[in-house]
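Heads up, the thing below is written out as structure tokens.
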Amino acid sequence: MSTAQPNNDAALFALCTALTTRYPKVQVNVTNYGVALNAATGVTSPGLYTDNASVPLGDELGLRNIYSWGLYGYCAYLNETAGQCGNQTFANEFRPMDVLLSDTPEAYSIQTRTLVPNATAFKNSSYLAGLTKPAFWLVFVATLCAGGALLIGIVKNKWTFIISSFLSIVGTIFLLIGASIYTAAIDKAKTVNQAVVRGSVPLGIEVSAGSGLWLIWAAFVTLLLSTAPYTISCWAFLKR
């Protein structure tokens with residue numbers, strides 16, 4: 001009994017990490033940020049990045065090159081294979097600036113805050129979190145609706161088809177809204193991609209949508225198409 005809960009927690013963490021790693025909804029590449037920092041300050045910035053993939057995240061021990069956010073948390077990588085993930089949490093929020101600052105060594109923290117323009121939504125972690133948290137809940141509830149419609153629809157009678165149709169329609173609407181909010185939040189964050197320092201040097205922070213976002217949109221299309229047979233079956237049973 002004493003080992004069951006730790007084992008369950010470890011399994012859940014591994015599952016959430018795998019989802020974040022394989023299907024990120026958004027990625028932030030800061031590989032070239034060091035070039036911009038050097039251009040802005042006129043000096044090199046040793047220690048800005050860490051070359052040790054195992055050092056803890058969030059302790060100001062150095063930036064990683066790539067950060068990926070999934071539905072349950074984020075991971076940070078030196079390259080395609082070397083990296084680690086932070087705590088996986090339910091209803092995880094997209095707070096890219098906070099995450100980058102938590103890894104940025106203290107010596108470069110003030111410069112980083114200054115170089116990222118205030119006009120970009122990327123810098124406003126609270127704003128992005130305010131968008132992505134409700135989007136998560138919409139997608140989560142839509143997933144429950146889809147699963148419920150599938151299971152209830154197995155039993156073929158008038159009431160199960162009515163409930164299945166209702167759940168399918170609600171899930172479709174929630175997925176549409178959730179996917180739209182996620183897309184809008186990522187597009188807002190992408191404004192940092194055009195930021196420059198010294199007039200022409202790119203800031204070197206690039207935001208891009210990940211495969212996880214497109215999977216949410218694909219799920220919406222699939223669920224939308226599923227509403228037709230549920231509705232037709234419901235209508236057929238009601239006419240009997």
Side-chain angles (χ1 to χ4, degrees), residues 17 20-21 24-70 72-89 92-133 182 184-210 212-213:
T17 297
T20 303
T21 303
K25 62 179 185 290
V26 59
Q27 290 187 319
V28 177
N29 190 323
V30 296
T31 304
N32 296 318
Y33 170 64
V35 176
L37 181 59
N38 295 345
T41 60
V43 295
T44 58
S45 48
L48 176 63
Y49 296 90
T50 180
D51 57 2
N52 185 350
S54 63
V55 297
L57 297 170
D59 285 346
E60 300 181 347
L61 297 177
L63 290 170
R64 280 63 169 178
N65 291 318
I66 299 172
Y67 292 79
S68 298
W69 276 261
Y72 301 101
Y74 78 95
C75 301
Y77 305 92
L78 301 181
N79 51 50
E80 292 182 357
T81 56
Q84 63 175 300
C85 295
N87 293 330
Q88 304 297 298
T89 58
N92 176 64
E93 300 171 345
F94 179 45
R95 293 178 171 269
M97 189 68 183
D98 289 353
V99 168
L100 294 186
L101 287 174
S102 72
D103 279 343
T104 302
E106 186 177 1
Y108 308 113
S109 179
I110 294 177
Q111 295 96 317
T112 299
R113 292 178 188 274
T114 303
L115 289 178
V116 178
N118 292 326
T120 63
F122 183 90
K123 194 170 186 176
N124 192 342
S125 288
S126 296
Y127 171 74
L128 293 175
L131 289 175
T132 53
K133 189 167 186 176
Y182 270 133
I186 294 171
D187 285 343
K188 290 284 187 181
K190 281 183 180 180
T191 55
V192 77
N193 295 3
Q194 283 74 49
V196 296
V197 299
R198 293 274 178 163
S200 60
V201 179
L203 181 59
I205 298 177
E206 294 195 5
V207 179
S208 60
L213 178 64

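Since we're looking at a predicted model, the values are computed, not measured. Positions are given from 1, in the same order as the sequence printed here.
Within the 3.5 Å criterion, the main-chain N or O of I66 finds no donor-acceptor partner in the side chain of N29. The backbone N or O of R113 sits less than 3.5 Å from a side-chain atom of K123, completing a donor-acceptor pair. Counting only distance, with no hydrogens or angles, the side chain of S125 and the backbone of D98 share a donor-acceptor pair below 3.5 Å. Checked by atom type and distance alone, the side chain of E93 never pairs as donor or acceptor with a backbone atom of S126 at under 3.5 Å. Side chain of T44 to backbone of P46: no donor-acceptor contact under 3.5 angstrom is found. Counting only distance, with no hydrogens or angles, the side chain of N32 and the backbone of V35 share no donor-acceptor pair below 3.5 Å.
The OG1 atom of T132 sits 6.0 Å away from the OH atom of Y182 when rounded to the nearest 0.5 Å. To the nearest 0.5 angstrom, K25 atom NZ is 9.5 Å from L213 atom CG. Between atom CG of residue N124 and atom CG of residue N118 there is a gap of 9.5 Å, rounded to the nearest 0.5 Å. Taking OH of Y74 as the reference point, atom SG of C85 lies at 9.5 Å (rounded to 0.5 Å). The line from CG of L63 to OG1 of T31 is 10.0 Å long, rounded to the nearest 0.5 Å.
Residues P117 and L203 meet the side-chain proximity criterion, which asks for heavy atoms closer than 4.5 Å. Annotation: side chain of L101 is in contact with side chain of S109 (closest heavy-atom distance under 4.5 Å). The shortest distance between side-chain heavy atoms of M97 and T112 falls below 4.5 Å. Inter-residue side-chain proximity for W69 and P96 is flagged as met; some heavy-atom pair is nearer than 4.5 Å.
Between G83 and A53 the shortest heavy-atom distance is N-CB, 3.8 Å. The minimum heavy-atom distance linking F122 with V116 is given by the pair CD2-CG1, 4.2 Å. Heavy atoms only, all atoms of each residue included: L115 and L37 are closest at CD1-CD1, 3.7 Å. What you find for G47 and Y108 is that their closest heavy atoms are C-CE1, 4.2 Å. In plain terms, the two heavy atoms of A36 and V201 that are nearest each other are CA-CG1, 4.1 Å. Across L128 and A189, no two heavy atoms sit closer than the pair CD1-CB, 4.2 Å.
Within 6.0 Å of NZ in K133 there are 12 or fewer heavy atoms belonging to other residues, nucleotides or ligands.
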- Task: Step by step, work out the side chain to side chain contact (heavy atoms under 4.5 Å, CB included) result for Y33 and Y49.
- Result: CA-CA 10 Å; Y33 170 64; Y49 296 90; 3.6 Å; yes
- Show your working on side chain to side chain contact (heavy atoms under 4.5 Å, CB included) between V207 and N193 and close with a plain yes or no. CA-CA 7 Å; V207 179; N193 295 3; 3.8 Å; yes
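The salt bridge (Lys or Arg N to Asp or Glu O under 4.0 Å) analysis of residues 52-65, with sequence neighbours excluded, yields the pairs R64-D103.
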